[in-house]
Amino acid sequence: MSSKVIDAPRSNSAETPKYKRNKSSHSSFEMVAWLFMRVSGVVLVVLIFGHLFVNLMLGDGIHAIDFGFVAGKWSSPFWQIWDLAMLWLAMLHGTNGVRTIINDYAERNGTRMTLKTVLYIASAVIIVLGTLVIFTFDPCPAGAVIDLPSFCPVP
Amino acid sequence: MQVHKYDVIIVGAGGAGMRAAIEAGQNAHTAVLTKLYPTRSHTGAAQGGMCAALANVEEDNWEWHTFDTVKGGDYLVDQDAAEVMAKEAIDAVIDLEKMGLPFNRTPEGRIDQRRFGGHTRDHGKAPVRRSCYAADRTGHMILQTLYQNCVKHNVEFYNEYYVLDLLTVEEDATREDGTPYKQKRIAGVVSYDLATGELHVFQAKSVILATGGAGKVFKTTSNAHTLTGDGMGIAFRKGIPLEDMEFFQFHPTGLAGLGILLSEAARGEGAILRNSEGERFMERYAPTIKDLAPRDIVARSMANEVREGRGCGPNKDYVLLDLTHLEPAHIDAKLPDITEFARTYLGVEPYTEPVPVFPTAHYAMGGVPTNISAEVLQDNDTIIPGLYAAGEVACVSVHGSNRLGTNSLLDINVFGKRAGMAAAIYAKTAEFVELPESPEASTVALLDHVRTSDGGEKVALIRKDLQDTMDANMQVFRTAESIDRVLADIATFEERYSRITVQDKGKRFNLDLLEAVELGFLLELAKVMTVAALHRQESRGGHYREDFPDRDDENFMKHSMAYKDAAVSVESSAEHIAGIRLETKPVVVTRYQPMVRKY
Amino acid sequence: MPTKPAGTLYRGREGMWSWVGHRITGVVIFVFLLVHVLDTSLVRVSPEAYTAVIGAYKNPIMGLGEAALVAAIVFHAFNGLRIIAIDFWKKGPKYQRQMLWTVLIAWVVVMVPFLIRHLTIVFSNFFGGH
Amino acid sequence: MSPIETAETAPEPASKIELPAHVGGGGEIPTFDVTLRVRRYNPEYSEESTWEDFSMTMYGTDRVLDALHKVKWEQDGSLSFRRSCAHGVCGSDAMRINGRNRLACKTLLKDLDTSKPITVEPIKGLPVEKDLIVDMEPFFQSFREVMPFLVNRGHEPAKERLQSAEQRERFDDTTKCILCAACTSSCPVFWTDGQYFGPAAIVNAHRFIFDSRDDAGDMRLEILNDKEGVWRCRTTFNCTEACPRGIQVTQAIAEVKQAILARQV
Ligand SMILES: Cc1cc2nc3c(=O)[nH]c(=O)nc-3n(C[C@H](O)[C@H](O)[C@H](O)COP(=O)(O)OP(=O)(O)OC[C@H]3O[C@@H](n4cnc5c(N)ncnc54)[C@H](O)[C@@H]3O)c2cc1C
Ligand code: HEM
Ligand code: SF4
Ligand code: F3S
Ligand code: FES
């Protein structure tokens, strides 16, 4: 008979108080979130694959990407909306996904709250920032040192 | 030690206990004490069905059902009780349906019914469809449905509480004819909490025993490891008699070596039994109905084949159940469970290979004597107020010397309900009986003895030896010599039991300790069964004495009643066994006079 | 004091491992997305800053990282469709295993041409120089 | 299902047949040596849990439960585990055998790799009480919370309620549950915080939600629409693989999800 010490299993000690179910939520938020994950997922397949295809596969691949490339794209409302939709959907989808993961693994309510607050703030900042960038984007900024897209008026 | 107070305490959460709890729980302050989580009870293992003369698929009535029950029990059945059961069967099934039990349905949407051994139309004219069923999981569905309804009615359960003692007091009383006697009264129970090792005393006005059977006195059995006859043993130790303990049913088709049951439905579907020579031997024993003969006859025929050297396998100790001539699709549709058992446990593919089977100890016909209101009797006719028993632990007696298939699930529902109602009604008016001084004392002594005894004998070994000798000598064939062998063996086991050592000295989940306590009950019950079998010098139903192969209505058409009685010495006992006093009780006969039992 | 459950790893089957993969790829993509939005925002700051950062993407290490990211997205996307099929298609749960194999095959089918093209560009441009 | 046929309707079998040699006799049952590696834990003596090895010789028909019994009965009486029926119908002995949830009484030793020690541990996610015994209360509490009983508000008929064979078939699969907890304790989501209702509770809710006689489906769906309800399932299928009764657990959960969706929109 051999025996070696391993970690003790989860037990009913003071640290893990007697089983208690969280108060029920009485809202359909989780259902809506669940449904959103699927719907946004399907849409994202189109958006992201299109995005990747255009950015990485067409023309010169990743090496074609520079300021001019981006500016060229966003000068068309089509790509503006495309990228905007992608930004929002991917961010909401990803935020909700990470929220689920935090809910799963954060053991104490405090940790859970903190992590989720950080997550929401970060997501909000990114979404707002991204949106602003897409809408307020000026493809032909004044005083640029590098080559601007060809459609820009020559300064 | 803690003391709790309830109006009604139910011991056991099998079918009988929970059926009682549903009635009592709604009308009185009730708690159920059970050594297993309720859904682990062995009622869940029952396969075949529960019979009632619903007449959903063909003409039937409760009177025919009563007759079949009486005849099936070889006329040792109390006919008033059988009548009650057959009459109330219909409501019992409807009750379960209303509680949500998912019965199989007829094309019209009614509860479907099928045939089962011994159930006939018009007093034996032809088989009748009387068994209500839910696939081959009827017992499972009953247990689940009853538990679900206990949840619905908020029944209080104390799970993994082993009841180890009944608290009874004796009062002086006089009978109507002026003779004085000791009247037993029930005050409560003592139980052991498995999780903590603490004792809890439950004071109660009514106590219902529903602890199930005692199959573990045998080695090969369809019963669970936990069916150790606790309720019978506890009652017996308190001076309450045990009725008809010599009658134990052996089901013909248990998986060889394992005892796992293959339902009678297999033979109903056309499966047949063969010996090592490939011969369909039932043609010799029961030329007309062959493999569909009653359980006791088939079991004896199988044992005889093995005894005469026509058994199969390396040790020539089993016969074969042959389904290979049946269509695989048919087998799948009708017998999915048993074929799965054969595959899982023996690695045998029933489509192509015959399945090794041997009779398996199945059901205790005897038990704690009760009347038709489920009240426990302290002798032939004196009830113990407030003490009830129902289910396999009890002997009403509706099964006589041989229970018909599907009558037990019925028994637990009919008499479980009766016990629950009666217990609640009694508790409404009765006063608590004062607890005896230090009520837990004898339980503490019992546990201390088991815990501290240090003679080195192993509980498991004694139990195995007991089971071996019971299988070898007290199974389907019995003779005075074989019974004497068991009695001699038991004497040595008792001596060894006084020298056991329990390894686990802890308090938490000390199952080692409880197995030792359970062995105590098994030894006690084995002895009662054996002594009663020695006394009954006839063959009837499940009890077959080779030295007395015929039924003897003149001398033995009566129940046996075994009492624990320290005053009985070897010399004063007719059976030369100290400590057990055997008496008899007349059988209640209403309409059916004993006839020769043939099918 | 005992704290957490320990012992051997639960030996889940395809379903569990695909979920582990889905979860990990999800987080990876999310983290990348945060960074990606930030760097793209630099176009608003100045074309130079953007070009500088995008330049960093153009070395082979990042090229490989990019390939891994695409691999993660493709798996996450295909497996996401599988999950959706499990949820909404009646026979989804029954064929979940087969669908996982389909996902993996589709993943290979997409990744192989992509990698060939992507890695050639990454490496040829790096070594070939502009 | 149609009523059972009797021998008369089945083909009449031969009175005597030739049996192949291996069924008529002969053929030793193989024996082999196995080592069980059991995770022991008894807080009465130590808060640590340990692995302990037990070696023994077993037979071809033996199950893991037999091996555990052999240890308990012959080597170490303090080894504690639950069991009752010993043939897979009572749900007492779900445990983690070689890393997967199974019933000890339904797992034959010969089907495992006996060249290596067989690991046996308690099921995961429920508080361990001693050795292989866990506290089942959280599990049963979830079960009780989904209203696992028939609720019928209609007029009580004198006889049984009618239900067609198809209606009965609709929820047949989920009536098979023996509440063994193999599913719930195999679920990665349940392991995280034990708050998730778990597959077993959903299975038992499903059994009533889809019973044509029941009137409380809406209430059960509302309960499972909770944040700890069906939406926490990540379709990992561990439950379905673990279920000793072969219940299509994930499928049942999917059906409940759809029922909630259908009711809301
Ligand atoms: C394999 C098999 C198949 C069967 N098939 C059929 C069939 O098809 N039809 C039919 O009619 N009958 C059948 N039977 C018989 C029938 O199932 C049983 O006789 C019946 O279920 C017994 O029910 P019960 O409630 O009396 O006891 P059980 O269901 O055995 O319950 C006993 C209860 O008592 C508790 N208990 C025991 N001891 C103690 C103690 N010391 N302290 C506290 N609690 C205790 C246990 O925890 C348990 O809850 C079958 C039996 C078997 C074994
Ligand atoms: C490309 C198309 C995508 C599809 C089809 C898709 C699909 C899905 C689906 C169906 C889920 C739910 C899984 C479940 O409930 O078990 C999910 C979860 C998740 N997704 Fe996506 N997704 C896509 C893109 C993305 C992107 C771009 C991100 C990152 C921003 C992302 C991050 C996540 C995360 C973090 C989760 C949570 C994982 C978990 O809970 O285990 N997904 N995805
Ligand atoms: S669904 Fe299966 S695994 Fe889960 S508790 Fe029920 S029987 Fe056990
Ligand atoms: S294991 Fe858990 S995640 Fe869903 S599919 Fe089963 S409940
Ligand atoms: S002991 Fe009953 S399921 Fe294993």
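Chain identifiers are assigned alphabetically (A, B, ...) following the order of the sequence lines, protein sequences preceding nucleic acid strands; residue numbering begins at 1 within each chain. Quantities reported herein were computed from a predicted structural model and do not represent experimental measurements.
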So for Phe81(D), is it side chain, backbone, both, or neither that comes closer than 4.5 Å to the heavy atoms of chain B? backbone
List in chain and number order the residues that pass salt bridge (Lys or Arg N to Asp or Glu O under 4.0 Å) with Lys458(B), two or more places apart in sequence or in another chain; answer none if no residue qualifies. none
Going by distance alone, is a donor N or O of one side chain under 3.5 Å from an acceptor N or O of the other, for Gln167(D) and Asp211(D)? no
Greatest number of non-hydrogen atom pairs under 4.5 angstrom with chain D, of Glu160(B), Met282(B), His225(B), falls to His225(B)
Electrostatic pair Asp66(D)-Arg63(D), nearest N-O below 4.0 angstrom: yes
Heavy-atom cut-off 4.5 Å, strictly under: side chain, backbone, both or neither for Asp91(B) against chain D? neither
Check the side chains of His69(D) and Arg83(D) for a donor-acceptor pair under 3.5 angstrom, ignoring hydrogens and angles. yes
Classify the angle between the aromatic ring planes of His42(B) and His87(D) as parallel (below 30°), tilted (30 to 60°) or perpendicular (above 60°). perpendicular
Taking side chain as everything from C-beta outward and backbone as N, CA, C, O, which of these in Asp322(B) sits under 4.5 Å from a heavy atom of chain D? Side chain, backbone, both or neither. side chain
Do you see a donor-acceptor pair shorter than 3.5 Å between the side chains of Asn159(B) and Thr34(B)? no
Selection from Thr175(D), Thr61(D), Asn204(D) maximising heavy-atom pairs under 4.5 Å formed with chain B: Thr175(D)
Partner chain D: residue of Arg40(B), Glu97(B), Glu340(B) with the largest heavy-atom pair count (under 4.5 Å): Arg40(B)
Greatest number of heavy atom pairs closer than 4.5 Å to chain D - which of Ser222(B), Gly278(B), Ser41(B), Ser131(B): Gly278(B)
Side chain, backbone, both or neither of Tyr37(B) within contact of chain D (heavy atoms, under 4.5 Å): side chain
Heavy-atom pairs under 4.5 Å with chain D, option from Ala224(B), Gly506(B), Ala460(B), Gly109(B) with the top count: Gly109(B)
Under the rule for salt bridge (Lys or Arg N to Asp or Glu O under 4.0 Å), what residues qualify as partners of Glu160(D), not counting sequence neighbours? Arg110(B)
I need the residue from Ser164(D), Cys180(D), Ser92(D) with the largest number of non-hydrogen atom pairs under 4.5 Å to chain B. Ser92(D)
Bottom line for Gln144(B): the part with an atom under 4.5 Å from chain D's heavy atoms is side chain
For chain B, find which of Pro148(D), Gly60(D), Ala86(D) contributes the most heavy-atom pairs closer than 4.5 angstrom. Pro148(D)
Of the backbone (N, CA, C, O) and the side chain (C-beta and beyond), which part of Lys507(B) lies under 4.5 Å from a heavy atom of chain D, both, or neither? both
Inspect the contact between Glu129(D) and Arg508(B) and indicate whether a charged nitrogen and a carboxylate oxygen are less than 4.0 angstrom apart. yes
Using modelled atom types and a 3.5 Å cut-off, is there a donor and acceptor pairing between side-chain atoms of Thr138(B) and backbone atoms of Gln47(B)? yes
Is it true that Lys98(B) and Glu156(D) have a side-chain N and a carboxylate O under 4.0 angstrom from each other? yes
Check step by step if salt bridge (Lys or Arg N to Asp or Glu O under 4.0 Å) holds for Glu121(D) and Arg100(D). CA-CA 9 Å; Glu121(D) 306 158 78; Arg100(D) 280 192 187 135; over 6 Å; no
What option among Phe171(D), Phe140(D), Phe208(D), Tyr45(D) has the most heavy-atom pairs under 4.5 Å with chain B? Phe140(D)
Most heavy-atom pairs under 4.5 angstrom with chain B, which of Arg161(D), Glu74(D), Glu169(D), Arg144(D)? Arg161(D)
For Phe281(B), which atoms come within 4.5 Å of any heavy atom of chain D: side chain, backbone, both, or neither? neither
Below 4.5 Å from any heavy atom of chain B, which atoms of Asp131(D) appear? Answer side chain, backbone, both or neither. neither
Below 4.5 Å from any heavy atom of chain B, which atoms of Arg213(D) appear? Answer side chain, backbone, both or neither. side chain
Interface residues of residues 102-111 of chain D facing chain B - non-hydrogen atoms under 4.5 Å apart: Cys105(D), Lys106(D), Leu108(D)
With rounding to the nearest 0.5 Å, note down the distance linking CE in Met56(D) to NZ in Lys70(D). 8.0 Å
Ignoring hydrogens and angles, state whether a donor on the side chain of Thr226(B) or Ser84(D) is under 3.5 Å from an acceptor on the partner side chain. yes
Under 4.0 Å between a Lys/Arg side-chain N and an Asp/Glu carboxylate O for Arg40(D) and Glu52(D)? yes
Asp214(D) with Arg220(D): basic N within carboxylate O range, under 4.0 Å: yes
Proximal component of Arg137(B), with respect to chain D [non-hydrogen, under 4.5 Å]: side chain
Please classify the contact of Leu511(B) with chain D as side chain, backbone, both or neither, using a heavy-atom distance under 4.5 Å. both
Going by atom types alone, do Lys35(B) and Thr228(B) pair a side-chain donor with an acceptor below 3.5 Å? yes
Assess whether a salt bridge exists between Asp76(D) and Lys72(D), defined as any Lys/Arg side-chain N lying under 4.0 Å from an Asp/Glu carboxylate O. no
Report which part of Leu101(B) has an atom under 4.5 Å of a heavy atom belonging to chain D: side chain, backbone, both, or neither. backbone
With only heavy atoms counted, which part of Gln503(B) is less than 4.5 Å from chain D, the side chain, the backbone, both or neither? side chain
Checking Asp504(B) now: which residues fulfil side chain to side chain donor-acceptor pair (under 3.5 Å) with it, not counting sequence neighbours? Lys130(D)
Quick check: are there more than 12 heavy atoms from other residues, nucleotides or ligands sitting under 6.0 Å from NZ of Lys505(B)? yes
Is the shortest side-chain N to carboxylate O distance from Glu515(B) to Arg463(B) below 4.0 Å? yes
Measure Met99(B) against the heavy atoms of chain D and call it side chain, backbone, both or neither at under 4.5 Å. backbone
Residue part contacting chain B, namely of Met136(D), when any heavy atom lies under 4.5 Å: both
Top contributor to chain B interface from Val89(D), Ile133(D), Leu79(D) [non-hydrogen pairs under 4.5 Å]: Ile133(D)
Go through the atoms of Asn315(B) and report whether side chain, backbone, both or neither lie under 4.5 Å from a heavy atom of chain D. neither
Heavy-atom pairs under 4.5 Å with chain D are the metric here; pick the option from Glu277(B), Lys152(B), Glu279(B), Lys464(B) that has the most. Lys152(B)
Of the backbone (N, CA, C, O) and the side chain (C-beta and beyond), which part of Ile94(B) lies under 4.5 Å from a heavy atom of chain D, both, or neither? side chain
